[in-house]
Amino acid sequence: MLLEQIPALRELTLYSIVFRCVLAMLLSGILGYEREKQRRPAGFRTYIVVCLGSCLAMMTGLYLFAITGSGDPGRIAAQVISGIGFLGAGTILVTKHNQVRGLTTAAGLWAAACLGLALGVGFYTGSLIVFLGLWLSLQFLRLVDRHLYTHSKIVALYVEFNKIQDVSSFIAYAKEQNCHVSNLEMSRSRSPEGSALICAVVTLHFSGNISHSQIVEIYGALEGVAFIEEI
């Protein structure tokens with residue numbers, strides 16, 4: 001807690017205000033840059049704005065308490081934590097295949113807001129440690145998450161069939177391969193050419209290890225399958 005022991009940074013002075021705002025922009029900018037590279041809905045600028053705004057909210061609470069001598073300086077911070085939810089919800093998308101996207105980005109925005117609050121109150125050590133943890137999580141644990149995802153024995157597929165009988169053949173083939181089928185959802189649609197299609201979202205549970213690309217290739221070659229992709 002070396003930075004917290006410096007009087008000029010501990011008190012709400014011009015130097016500490018500038019230092020907290022610059023540090024908020026720097027740390028949140030690094031986190032936002034990682035999201036920007038992944039082409040996420042909230043990226044570089046959004047993270048900076050959220051963190052900087054949270055930092056100002058926390059400093060405003062401290063300032064009001066300093067000039068009035070009463071009240072709770074954490075009340076504004078509490079509203080930031082609850083209010084950031086609407087922004088995070090805007091980054092969560094549900095695709096046409098009922099696949100949820102953007103949860104990590106939404107959680108990152110919430111964490112960036114918390115980071116700004118900590119910097120606003122002058123909790124530099126905690127802010128830097130949490131920033132390091134967040135950056136490592138976004139940068140390196142993404143590789144671990146991808147490894148677990150691609151080597152999972154549970155695969156969700158979106159499949160388009162030419163007719164309803166092809167769905168039964170698909171499921172029968174899967175069971176012949178000792179594969180458990182669950183969460184089958186079907187709907188009807190039309191191809192660009194105007195022909196009717198049976199669309200299905202199905203989850204397959206495999207007993208052994210098999211690459212997901214092989215699964216898509218094998219099941220995509222079955223008769224009656226017009227289109228297949230992993231979701």
Side-chain angles (χ1 to χ4, degrees), residues 1-93 100-146:
M1 296 185 179
L2 180 61
L3 292 175
E4 287 87 345
Q5 301 304 318
I6 302 176
L9 298 180
R10 185 174 65 249
E11 304 296 333
L12 200 60
T13 63
L14 175 62
Y15 299 106
S16 68
I17 292 172
V18 173
F19 182 77
R20 295 174 191 186
C21 290
V22 170
L23 198 57
M25 294 178 65
L26 176 63
L27 300 185
S28 61
I30 294 174
L31 296 176
Y33 177 72
E34 194 282 332
R35 294 284 85 192
E36 191 81 37
K37 290 194 302 181
Q38 304 300 321
R39 305 300 299 170
R40 300 307 181 190
F44 183 71
R45 291 183 300 171
T46 306
Y47 269 69
I48 290 179
V49 170
V50 167
C51 190
L52 198 57
S54 302
C55 183
L56 174 62
M58 189 70 252
M59 289 190 297
T60 301
L62 294 175
Y63 178 74
L64 289 175
F65 179 76
I67 63 175
T68 61
S70 61
D72 181 10
R75 290 185 62 184
I76 297 180
Q79 297 303 314
V80 171
I81 293 297
S82 59
I84 197 65
F86 86 94
L87 187 60
T91 66
I92 300 176
L93 305 174
V100 179
R101 299 268 188 180
L103 287 175
T104 302
T105 301
L109 285 175
W110 182 85
C114 295
L115 191 64
L117 293 175
L119 289 170
V121 79
F123 187 28
Y124 305 110
T125 303
S127 302
L128 292 172
I129 292 175
V130 170
F131 159 75
L132 181 61
L134 288 172
W135 187 80
L136 290 175
S137 299
L138 293 174
Q139 192 71 22
F140 295 105
L141 295 186
R142 173 171 51 87
L143 303 177
V144 178
D145 183 65
R146 183 182 301 172

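Computed from a predicted model, the values in this text were never measured in an experiment.
- Nearest heavy atoms, Ile84 versus Ile81: CG2-O, 3.2 Å.
- Here the closest heavy-atom approach between residue Ala57 and residue Val80 is recorded as CB-CG2, 3.6 Å.
- The two residues Gly108 and Tyr47 come nearest to each other via the heavy atoms CA-OH, 3.3 Å.
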Q) What's the verdict on side-chain contact (heavy atoms from CB on, under 4.5 Å) for Leu56 and Leu52, showing C-alpha distance, side-chain angles and the deciding distance? A) CA-CA 6 Å; Leu56 174 62; Leu52 198 57; over 6 Å; no
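- Atom OG1 of residue Thr60 and atom CG of residue Leu12 lie 9.0 Å apart, to the nearest 0.5 angstrom.
- Put simply, CG on Leu117 and CE on Met59 are 10.5 Å apart, with the number rounded to the nearest 0.5 Å.
- With rounding to the nearest 0.5 angstrom, the OG atom of Ser127 is 12.5 Å from the CG atom of Leu132.
- Proximity of Trp110 to Val50: side-chain heavy atoms (C-beta onward) are nowhere separated by under 4.5 Å.
- No more than 12 heavy atoms of other residues, nucleotides or ligands lie within 6.0 Å of CZ in Arg45, so this atom counts as exposed by the packing criterion.
- Rounding to the nearest 0.5 Å places CG of Leu31 at 9.5 Å from CG of Leu26.
- The two residues Gly29 and Phe44 come nearest to each other via the heavy atoms O-CD1, 3.3 Å.
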Q: Start with the C-alpha distance between Leu115 and Ser54, add both sets of side-chain angles, then the distance that settles side-chain contact (heavy atoms from CB on, under 4.5 Å), and finish with yes or no.
A: CA-CA 8 Å; Leu115 191 64; Ser54 302; over 6 Å; no
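- Of all heavy-atom pairs between Ile48 and Ser28, the closest is CA-OG, 3.3 Å.
- Between Phe131 and Leu27, the shortest heavy-atom distance links the atoms CE1-O, 3.4 Å.
- The side-chain contact (heavy atoms from CB on, under 4.5 Å) search around Val121 returns Met58, Leu62, Phe123, not counting sequence neighbours.
- Taken from CZ in Arg20 to OG1 in Thr13, the straight-line distance is 7.5 Å, to the nearest 0.5 Å.
- Judged by distance alone, with hydrogens and angles left aside, the side-chain atoms of Tyr124 form no donor-acceptor pair with the main-chain N or O of Leu23 at under 3.5 Å.
- Here the straight-line distance linking atom CZ of Phe19 with atom CD1 of Ile6 works out to 7.5 Å at 0.5 Å rounding.
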